[in-house]
Amino acid sequence: MITINIEYRLQNEDKWYSKKLSSEEYFDMDMLDCDEILDVDSIPLHFQSNADYVDIPDNMIQSIITTIYDEEKKETKIITEFRYNRFFIRERIIDMNSEKEYELIVDIQISKDTSDVIRFVRNNMGILEMLFHSRIKELPDGSEQEEKIFWNDNKNYLHEYVEEDNTIIEIQIENLENELERFQLIQNKSGIGFETIRENI
């Protein structure tokens, strides 16, 4: 049996709310093959954000934590999402078959119609690595144009370190005006939510 629990916190509130979902409510059952067995990493009904499972506009949600647990296999998938101004941060941790997968996606709105999407994963040594960096522009006809950004080591960098009870991920990127911006994603010890600090350099 797979259980799904969604905890979320609204903007400018400290209170956490909770919502439980069945497998049929969370997963896209039409995407399962006839002989496929459902697991914690099966395709969800809503892929972009788990805020879509809560009957509240996503711009009103600050943090949302989704825990998917398979009681029989003892497997877990945890997805943490955080919104702050023009940032959308999504962290995904999967613990299956005694192996852990880690993914961090940072979506930064750099102009009215353009966003930078940066995806990080942990390698076999547990070190955070940048997997890709794309710039996505929304066109007038509603379609999107994607440009792969060259990760210039002289200008862009990723640095992760621990300070007291916080894990800090520091990212520096070049914006549309060729200015360097530094962002700090500060994750607390319990792993709930992120804070962001923007600094023009």
Side-chain angles (χ1 to χ4, degrees), residues 4 6-9 11 26-28 31 40-54 57-68 76-96 99-111 113-138 144-152 156-161 166-176 181-188 190-198:
I4 300 101
I6 297 179
E7 299 172 280
Y8 60 95
R9 183 173 60 181
Q11 297 284 353
Y26 184 82
F27 295 107
D28 190 343
M31 296 298 293
V40 297
D41 203 29
S42 294
I43 298 173
L45 194 60
H46 300 292
F47 189 77
Q48 294 297 326
S49 171
N50 283 339
D52 293 331
Y53 292 100
V54 183
D58 59 359
N59 61 356
M60 293 179 61
I61 296 177
Q62 182 192 70
S63 304
I64 183 165
I65 303 169
T66 304
T67 303
I68 306 165
T76 306
K77 180 177 181 179
I78 300 174
I79 303 168
T80 303
E81 299 172 356
F82 181 80
R83 297 174 186 273
Y84 177 78
N85 291 340
R86 59 196 184 94
F87 294 87
F88 173 66
I89 299 144
R90 181 180 173 96
E91 178 193 54
R92 190 176 70 134
I93 302 171
I94 306 175
D95 189 352
M96 295 179 64
E99 294 185 3
K100 276 194 174 183
E101 294 181 15
Y102 180 91
E103 177 186 68
L104 178 69
I105 298 175
V106 182
D107 188 326
I108 308 166
Q109 186 176 1
I110 58 176
S111 72
D113 57 4
T114 306
S115 295
D116 270 18
V117 178
I118 312 171
R119 182 183 177 194
F120 303 94
V121 295
R122 290 199 186 280
N123 62 23
N124 293 332
M125 299 180 66
I127 299 173
L128 203 60
E129 293 181 340
M130 195 277 298
L131 191 63
F132 70 76
H133 180 186
S134 296
R135 184 158 289 164
I136 300 175
K137 181 179 177 63
E138 185 177 344
E144 293 182 342
Q145 176 183 326
E146 183 174 359
E147 173 191 5
K148 185 176 181 180
I149 302 298
F150 176 68
W151 190 260
N152 186 336
N156 304 328
Y157 74 81
L158 164 71
H159 180 49
E160 181 182 26
Y161 58 96
N166 295 319
T167 298
I168 300 174
I169 301 170
E170 192 170 274
I171 305 166
Q172 179 173 293
I173 64 171
E174 187 175 10
N175 63 22
L176 292 177
E181 292 184 325
R182 182 179 296 140
F183 306 93
Q184 284 186 343
L185 312 180
I186 305 173
Q187 186 177 23
N188 64 26
S190 63
I192 298 176
F194 291 86
E195 296 178 11
T196 58
I197 300 172
R198 177 172 178 263

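Residue indices begin at 1 and follow the sequence shown.
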Decide yes or no for N50 and Y8: does some side-chain heavy atom of the first lie under 4.5 Å from some side-chain heavy atom of the second?
no

For the CD atom of E91 and the CD atom of E81, what is their distance to the nearest 0.5 Å?
11.0 Å

H46 and Y53 aromatic ring geometry - parallel, tilted or perpendicular at 30°/60° bounds:
perpendicular

For residues F120 and I169, determine if any side-chain heavy atom of one lies less than 4.5 Å from a side-chain heavy atom of the other.
no

Closest approach of I61 to A51 (non-hydrogen atoms, all atoms of both residues):
CD1-CB, 3.9 Å

Any sub-3.5 Å donor-acceptor pair from N166's side-chain atoms to I168's backbone N or O?
no

Would you name the heavy atoms of R83 and Q11 that are closest together and state the gap between them?
O-NE2, 3.7 Å

Provide the closest heavy-atom pair for I118 versus I171 in the form atom of the first, atom of the second, distance.
CD1-CG2, 4.4 Å

Is E146 reaching over with its side chain to a backbone N or O of S134, donor-acceptor style, under 3.5 angstrom?
no

Point-to-point distance, once rounded to the nearest 0.5 Å, from CD of E147 to CG of D116:
9.0 Å

Roughly how far apart are R90 CZ and S49 OG, rounded to 0.5 Å?
6.5 Å

Once rounded to the nearest 0.5 Å, what's the spacing between atom CZ of R122 and atom CD of E129?
10.5 Å

If you round to the nearest 0.5 Å, how far is OG1 of T80 from CD1 of I89?
11.0 Å

Those residues that, when tested against V121, pass side-chain contact (heavy atoms from CB on, under 4.5 Å) (two or more places apart):
R119, L131

Using side-chain contact (heavy atoms from CB on, under 4.5 Å) as the criterion, list what pairs up with D41, not counting sequence neighbours.
D39, K77, R92, I94, M96

Taking the side chain as every heavy atom from C-beta outward, state whether I65 and I78 have any pair of such atoms under 4.5 Å apart.
yes

Locate the shortest heavy-atom distance separating I79 from Y26; write the atom from each residue and the value.
CD1-OH, 3.9 Å

So, the side chain of E144 versus the backbone of K137: is there a donor-acceptor pair under 3.5 Å, distance only?
no

Euclidean distance, T66 OG1 relative to I6 CD1, rounded to 0.5 Å:
4.5 Å

Is any side-chain heavy atom of F88 closer than 4.5 Å to one of I105?
no

